[in-house]
Student: 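I am attaching a structure below and will ask some questions about it afterwards.
We count ligands from 1, going down the list as the structure has it; atoms in each ligand are counted the same way. In what follows, every heavy atom counts, from backbone to side chain, and hydrogens, waters and symmetry copies are set aside. Just so it is clear, the model here is predicted, and its values are computed rather than measured.
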Amino acid sequence: MSTIEAKDVWQIYDGRVVLEKINISINEGSFVSIVGPSGCGKTTFLRMLMSEETPSRGTITLDGKPLPAEPTSDRGVVFQRYSVFPHLTVLENVMLPLELAASPLLSRLFGARRRATRDAARTMLEHVGLHAAASFYPAQLSGGMQQRLALAQALMAKPRVLLLDEPFSALDPGTRADIHVLTKRLWEETKMTIVMVTHDISEAFRLGTRVIVFERLNPDDPAHGARMTHDLSVRPRLKDKKVLA
Ligand SMILES: Nc1ncnc2c1ncn2[C@@H]1O[C@H](COP(=O)(O)OP(=O)(O)OP(=O)(O)O)[C@@H](O)[C@H]1O
Ligand SMILES: [Mg+2]
């Protein structure tokens, strides 16, 4: 079943076409990697999927219905940096999405509900290997730990669609390999749909079930934007097949 459907989507800023005629159907539970040169509109596309931006033309639907006008908890997002709140501890950062959902004005819960939220946050921190750092502040964490925290925070609201914008690009290769394993495991466990932008082609193929490419064919022509020039499905590697069997 298709979760996200973009039909003839364009984005035009100040008379300059950034994205042109994007048609894509994203199946539920798939992991789509988006690659393309800098400035071709990858973040813009994710921002449209998040309802932080509306297409200049065309439609995007989620489960057959037009996207809500505002970001909603069924769509989570992790950026390259600065996804988490520096003034909150690791545990508080992970509790925040549930507190905001329950109490948008105070962003604070009390009594039994607060305890339940704290327990759920601790379980999530164990899931991403951060339970020992629960009382730390983000500045006290390594880059890899911060991104695991950002993933944990995004997952707390149980999004059906997770949008990742170069989430691992600032990490060293060893840390990145570890977080790839974690991301794949979380994806398999939650069965969410993931759309990830990356500049790293091997990352795109290692994680994605599908890799799409955005490219401007006429870079200097403001009347033309980037299009989807390739759409490749990725076969599971032999090693992964054994794990799945
Ligand atoms: N709100 C906006 N107003 C005007 N122009 C914008 C806006 N957002 C993005 N753009 C322009 O749209 C183009 C695409 O930007 P976008 O950030 O989507 O690229 P990208 O593919 O994510 O690049 P990178 O790989 O460097 O992150 C750029 O030329 C950018 O300047
Ligand atoms: Mg970008």
Student: Side chain, backbone, both or neither: which part of R47 comes within less than 4.0 Å of ligand 1 when only heavy atoms are counted?
Tutor: neither

Student: Looking at atom 27 (O) of ligand 1, what's its closest protein heavy atom, distance included?
Tutor: E166 OE2, 3.5 Å

Student: Among protein heavy atoms, which lies nearest atom 26 (O) of ligand 1, and at what distance?
Tutor: S38 OG, 2.5 Å

Student: When you check the gap from the basic side-chain N to the acidic O, do R216 and E20 get nearer than 4.0 Å?
Tutor: no

Student: Is it the case that H131 and E126 place a side-chain donor and acceptor less than 3.5 Å from each other?
Tutor: no

Student: Is the shortest distance from a Lys or Arg side-chain nitrogen in D200 or R206 to a carboxylate oxygen in the other one below 4.0 Å?
Tutor: no

Student: As a test of understanding, state which of E189, R122, R148 forms a side chain to side chain donor-acceptor pair (under 3.5 Å) with H127.
Tutor: E189

Student: For atom 18 (O) of ligand 1, find the nearest protein heavy atom and state the residue, atom name and distance (0.1 Å precision).
Tutor: T44 OG1, 2.5 Å

Student: Can you tell me which residue and heavy atom of the protein come closest to atom 1 (N) of ligand 1, and the distance to 0.1 Å?
Tutor: Y13 CE2, 3.8 Å

Student: Has T44 got an N/O/S atom less than 2.8 Å from the Mg ion (ligand 2)?
Tutor: no

Student: With a 4.0 Å cut-off on heavy atoms, is C40 touching ligand 1?
Tutor: yes

Student: Could you please spell out the steps behind the side chain to side chain contact (heavy atoms under 4.5 Å, CB included) verdict for N23 and M228?
Tutor: CA-CA 8 Å; N23 284 295; M228 201 169 88; over 6 Å; no

Student: So which protein heavy atom does atom 30 (C) of ligand 1 come closest to, and at what separation?
Tutor: R16 NH1, 5.0 Å

Student: Checking M196 against E203 for the side chain to side chain contact (heavy atoms under 4.5 Å, CB included) test, could you report, in this order, the C-alpha distance in whole Å, the side-chain angles of both residues, the deciding distance, and whether it holds?
Tutor: CA-CA 10 Å; M196 175 183 75; E203 176 173 271; 4.0 Å; yes

Student: Below 4.0 Å, non-hydrogen atoms only: which portion of Q11 touches ligand 1? Side chain, backbone, both or neither.
Tutor: neither

Student: Students should be able to answer this: which protein heavy-atom is nearest to atom 12 (O) of ligand 1, and at what distance?
Tutor: V18 CG2, 3.4 Å

Student: Does only the side chain of T43 get under 4.0 Å from ligand 1, or the backbone, or both, or neither? Count heavy atoms.
Tutor: both

Student: Could you point out which residue of N93, L98, L91 forms a side chain to side chain contact (heavy atoms under 4.5 Å, CB included) with M95?
Tutor: L91

Student: Looking only at protein heavy atoms, which one is nearest to atom 23 (O) of ligand 1, and how far off is it?
Tutor: G39 N, 2.8 Å

Student: Flag the pair K191 and E28 as a salt bridge only when some basic side-chain nitrogen lies within less than 4.0 angstrom of an acidic carboxylate oxygen.
Tutor: no

